[in-house]
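First up is the structure itself, then whatever we jot down about it.
Worth knowing before you read on, the calculation uses all heavy atoms, side chains too, and leaves out hydrogens, waters and symmetry mates. Just follow the structure's listing: the first ligand is 1, and inside any ligand the first atom is 1. Here, residue 1 is the first one in the sequence, and each next residue gets the next number.
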Amino acid sequence: MAIRIDGKATAAAVRATLARETEELKQKTGVTPGLAVILVGEDPASQVYVRNKKRGCEEVGFLSREYRLPGDCTREELLSLIGELNADDAIHGILVQLPLPGHLDDKEVIEAIAPQKDVDAFSYGNVGRIVTGDYDFVPCTPAGIMELLRAYDVAIDGKRAVVIGRSNIVGKPMALLLLHQNATVTVCHSHTADLPAVCREADILVVAVGKAGFVTADMVKEGAVVIDVGMNRTEAGLVGDVDFEAVEKKASKITPVPGGVGPMTITMLLRNTLTAAKRAAERK
Ligand code: NAP
């Protein structure tokens with residue numbers, strides 16, 4: 001039976017460290033990390049995420065500001081707000097909650113954020129830095145997974161890692177982070193031939209597909225570490241992409257849903273913001 005990787009406990013431990021480092025930064029430099037979150041429109045899921053980000057900031061001692069713009073706000077209004085926050089020394093991280101309403105261009109908006117304040121690491125410049133391995137900010141979900149692997153002593157160097165999913169926010173950066181740690185990485189997607197056979201080669205299997213129960217026990221090698229990124233709302237509640245009950249019997253370590261990867265994501269956003277504040281303090 002697999003060891004359950006406890007994302008809640010790991011996130012709490014990382015946040016305690018962040019709170020301590022934040023206090024040290026304040027004492028030494030007078031800088032308080034500040035995160036600005038911009039929410040456009042009334043999407044209920046986005047509102048929950050924004051609330052959780054605010055709560056996270058408070059927990060570790062950050063300044064947190066929330067900007068709510070109406071769903072029909074203009075491109076100019078949004079870009080002007082980002083421009084003001086780029087110039088605001090109290091703010092070290094700027095996050096625009098995605099997805100934006102259809103009349104706004106996500107890419108243009110992300111590119112408007114100053115690179116040193118792009119704590120989601122979604123801008124082309126920061127993505128390029130992740131590709132080359134020369135980065136300050138790491139996309140939050142893959143960063144959270146790397147932290148879980150570290151916390152549970154999962155060896156990565158020389159191992160076979162398979163990532164199912166190639167999205168820009170999870171699959172691709174996940175593959176790069178594993179590659180930087182010397183895993184031999186295969187990225188799978190909806191055109192992959194004989195996916196179960198590829199998955200069975202994995203020592204570490206990361207699943208980011210968005211389909212409940214997608215990975216079954218026959219796709220998992222005995223003793224593999226299985227990371228379930230999926231968040232699927234079903235009649236039975238929130239479930240992942242992995243058939244947890246069956247796969248738990250075969251894996252050596254596994255993340256549950258909820259309580260696995262999810263709690264780490266905002267924690268990594270906080271870490272990126274603290275990094276941004278430290279860099280700003282160095283430039284002072
Ligand atoms: P996404 O952009 O929809 O990407 C899904 C990926 O799965 C795509 O690359 C797609 O392949 C691949 N896929 C779909 N069907 C497949 C199949 N039959 N065989 C193999 N691959 C298949 O999703 P995402 O944004 O990466 O998110 C994935 C899941 O993670 C979602 O459930 C999301 O809610 C969750 N998530 C969780 C967190 C967290 O904090 N826990 C954060 C972000 C996302 P193609 O590219 O070929 O279409």
Side-chain angles (χ1 to χ4, degrees), residues 4-11 14-15 37 43-46 48-53 55-56 95-100 106-107 110 119-122 127 130 137-149 151 161-178 185-202 205-216 218-220 226-234 236-244 254-272:
R4 289 190 189 198
I5 295 179
D6 186 339
K8 266 191 175 171
T10 309
V14 175
R15 284 186 193 205
V37 179
D43 178 51
S46 293
V48 173
Y49 293 138
V50 169
R51 208 169 37 242
N52 289 340
K53 284 166 187 169
R55 207 173 290 149
L95 184 146
V96 179
Q97 189 66 46
L98 300 176
L100 289 168
D106 289 11
K107 286 187 191 133
I110 297 301
V119 284
D120 253 342
F122 287 165
V127 171
I130 292 157
F137 307 138
V138 193
C140 299
T141 302
I145 293 169
M146 295 307 283
E147 200 57 44
L148 288 176
L149 295 176
V162 172
V163 179
I164 319 179
R166 56 175 165 180
S167 70
N168 289 332
I169 60 164
V170 186
K172 282 182 198 154
M174 186 70 243
L176 286 164
L177 297 188
L178 289 163
V185 185
T186 304
V187 182
C188 300
H189 44 76
S190 64
H191 295 247
T192 299
D194 201 356
L195 181 71
V198 180
C199 293
R200 278 192 295 271
E201 290 180 7
L205 180 62
V206 181
V207 192
V209 174
K211 292 183 177 164
F214 182 79
V215 166
T216 46
D218 63 302
M219 296 166 76
V220 176
V226 178
I227 304 292
D228 189 351
V229 188
M231 290 201 307
N232 307 293
R233 283 174 209 290
T234 67
L238 184 68
V239 300
D241 288 347
V242 174
D243 176 357
F244 186 85
I254 187 167
T255 57
V257 177
V261 174
M264 294 301 290
T265 298
I266 293 178
T267 304
M268 294 298 109
L269 171 72
L270 300 174
R271 191 164 78 181
N272 282 346

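- Not a single donor-acceptor pair under 3.5 Å links the side chain of Asp241 to the backbone N or O of Gly213.
- In terms of protein heavy-atom proximity, atom 15 (N) of ligand 1 is closest to Lys211 NZ, 3.0 Å.
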Applying side-chain contact (heavy atoms from CB on, under 4.5 Å), run through Val215 and Val220 and close with a yes or a no. CA-CA 8 Å; Val215 166; Val220 176; 3.8 Å; yes

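- In terms of protein heavy-atom proximity, atom 42 (C) of ligand 1 is nearest to Thr141 OG1, 3.2 Å.
- Distance check, rounded to the nearest 0.5 Å: CG of Leu195 to CZ of Arg200 gives 9.5 Å.
- The nearest heavy-atom contact from the protein to atom 20 (C) of ligand 1 is His189 O, 3.1 Å.
- Judged by the shortest distance from any of its heavy atoms, Met264 lies outside the 4.0 Å radius around the atoms of ligand 1.
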Please report the C-alpha distance between Met268 and Thr141 in whole Å, then the side-chain angles of each, then the deciding distance to 0.1 Å, and finally whether the side-chain contact (heavy atoms from CB on, under 4.5 Å) criterion is met. CA-CA 8 Å; Met268 294 298 109; Thr141 302; over 6 Å; no

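- Glu147 contributes atom CD, which lies 8.0 Å from atom OG1 of Thr10 (distance to the nearest 0.5 angstrom).
- Nearest protein heavy-atom contact of atom 13 (N) of ligand 1 is Val209 CG1, 3.8 Å.
- When Ile164, Val242, Ile254 are each tested for a side-chain contact (heavy atoms from CB on, under 4.5 Å) with Leu205, only one passes: Ile164.
- The contact set between ligand 1 and Gly262, taken as ligand atoms under 4.0 Å from a residue heavy atom, comprises 41 (N).
- With hydrogens left out, the protein atom closest to atom 17 (C) of ligand 1 is Phe214 CZ, 3.5 Å, a heavy atom.
- Of the protein's non-hydrogen atoms, Met231 N, 4.2 Å is the one closest to atom 33 (C) of ligand 1.
- The option with the heavy atom closest to atom 38 (C) of ligand 1, from among Val215, Val170, Val229, is Val229.
- From Ile266, atom CD1 reaches atom CG of Asn52 across 4.5 Å, with rounding to the nearest 0.5 Å.
- To the nearest 0.5 Å, atoms CG (Asn168) and NZ (Lys107) are separated by 8.0 Å.
- Considering backbone and side-chain atoms alike, Ser167 places an N or O below 3.5 Å from some N or O of ligand 1.
- The shortest contact between atom 40 (O) of ligand 1 and any protein heavy atom is with Thr265 OG1, 2.7 Å.
- For the atom pair CG (Asp228) and OG1 (Thr255), the distance works out to 5.0 Å, reported to the nearest 0.5 Å.
- At least one N or O atom of Arg166 sits closer than 3.5 Å to an N or O atom of ligand 1.
- With values rounded to the nearest 0.5 angstrom, Ser167 atom OG is found 11.5 Å from Met174 atom CE.
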Dump the intermediate steps for side-chain hydrogen bond (donor to acceptor under 3.5 Å, both in side chains) on Thr216 and Asp218, then the final yes or no. CA-CA 6 Å; Thr216 46; Asp218 63 302; 2.5 Å; yes

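- In terms of protein heavy-atom proximity, atom 31 (C) of ligand 1 is nearest to Gly210 CA, 3.7 Å.
- Around atom 47 (O) of ligand 1, the closest heavy atom drawn from Pro142, Gly260, Ser190 belongs to Ser190.
- Every heavy atom of Cys188 sits 4.0 Å or more from the atoms of ligand 1.
- Shown in contact with Gly165 at under 4.0 Å from a heavy atom are these atoms of ligand 1, numbered in order with element: 6 (C), 7 (O), 9 (O).
- Ligand 1 lies less than 4.0 angstrom from a heavy atom belonging to Gly230.
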